[in-house]
Amino acid sequence: AYKIAAPNWKTMSKVQIVDLMWGLTIAEYNCGDKKDAHKLLNMLRKTDPDAATITGIEQLPLLWSETTMNRIQTILMKWPK
């Protein structure tokens with residue numbers, strides 16, 4: 001997904017970047033690559049701290065399933081700030 005989005009990275013909106021970053025983080029985590037998932041979470045925390053919290057995510061115009069939100073919550077609980 002990153003390779004597809006990389007050429008347009010500078011023109012992507014904040015919401016698109018948050019959506020992409022969480023998608024990549026969840027994918028890495030679920031595939032067993034916890035180290036890269038943690039790196040992606042830290043990148044998100046550094047670039048957009050609000051997007052690395054459930055409260056912050058809920059403020060964005062994103063429609064994620066309950067399953068996705070549970071996965072995000074699991075990741076955030078594994079590596080608390």
Side-chain angles (χ1 to χ4, degrees):
Y2 175 77
K3 288 179 183 179
I4 294 169
N8 302 316
W9 192 261
K10 295 200 184 280
T11 60
M12 292 175 67
S13 71
K14 172 187 171 176
V15 174
Q16 290 171 318
I17 292 170
V18 169
D19 190 28
L20 179 64
M21 290 295 292
W22 270 115
L24 292 169
T25 303
I26 292 167
E28 293 293 342
Y29 186 86
N30 287 341
C31 288
D33 194 344
K34 306 286 194 273
K35 184 177 177 181
D36 279 349
H38 193 200
K39 285 181 186 178
L40 288 166
L41 176 59
N42 284 336
M43 285 174 49
L44 188 58
R45 283 180 169 153
K46 183 179 177 182
T47 59
D48 191 351
D50 289 339
T53 68
I54 295 298
T55 304
I57 291 169
E58 289 172 340
Q59 303 305 312
L60 297 172
L62 292 167
L63 297 174
W64 283 335
S65 68
E66 184 177 340
T67 301
T68 298
M69 292 302 290
N70 287 338
R71 288 176 177 156
I72 290 171
Q73 213 163 17
T74 297
I75 291 168
L76 291 172
M77 287 189 317
K78 179 161 180 71
W79 297 297
K81 191 170 181 181

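Just the heavy atoms: all of them, side chains too, but no hydrogens, waters or symmetry mates, feed the values below. If you're wondering where the values come from, they're calculated on a predicted model, not measured in any experiment.
Ile26 contributes atom CD1, which lies 4.5 Å from atom CD1 of Ile72 (distance to the nearest 0.5 angstrom). If you take CG on Leu40 and CD on Glu28, they are separated by 6.0 Å, rounding to the nearest 0.5 Å. Here the OG1-CH2 distance, from Thr74 to Trp79, works out to 10.5 Å after rounding to the nearest 0.5 Å.
Among residues two or more places apart in sequence or in another chain, the salt bridge (Lys or Arg N to Asp or Glu O under 4.0 Å) test is passed with Lys14 by Asp48.
Between Lys81 and Pro49 the shortest heavy-atom distance is NZ-CB, 4.4 Å. When all heavy atoms of Ser13 and Gln16 are compared, the closest pair comes out as N-OE1, 2.8 Å.
Residues Leu41 and Leu76 are in side-chain contact: their nearest non-hydrogen atoms beyond the backbone lie under 4.5 Å apart.
Each side-chain hydrogen bond (donor to acceptor under 3.5 Å, both in side chains) pair with one or both residues in residues 32-43, not counting sequence neighbours, would appear here, but there are none. Applying the side-chain hydrogen bond (donor to acceptor under 3.5 Å, both in side chains) rule to pairs touching residues 62-72 yields Asp19-Trp64, Ser65-Thr68, sequence neighbours excluded.
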Would you tabulate the side-chain donor-acceptor contacts of residues 51-60 under 3.5 Å, counting partners in other chains and residues two or more places apart, or write 'none'?
residue, atom, partner, partner atom, Å
Thr53, OG1, Asp50, O, 2.9
Thr53, OG1, Gly56, N, 2.9

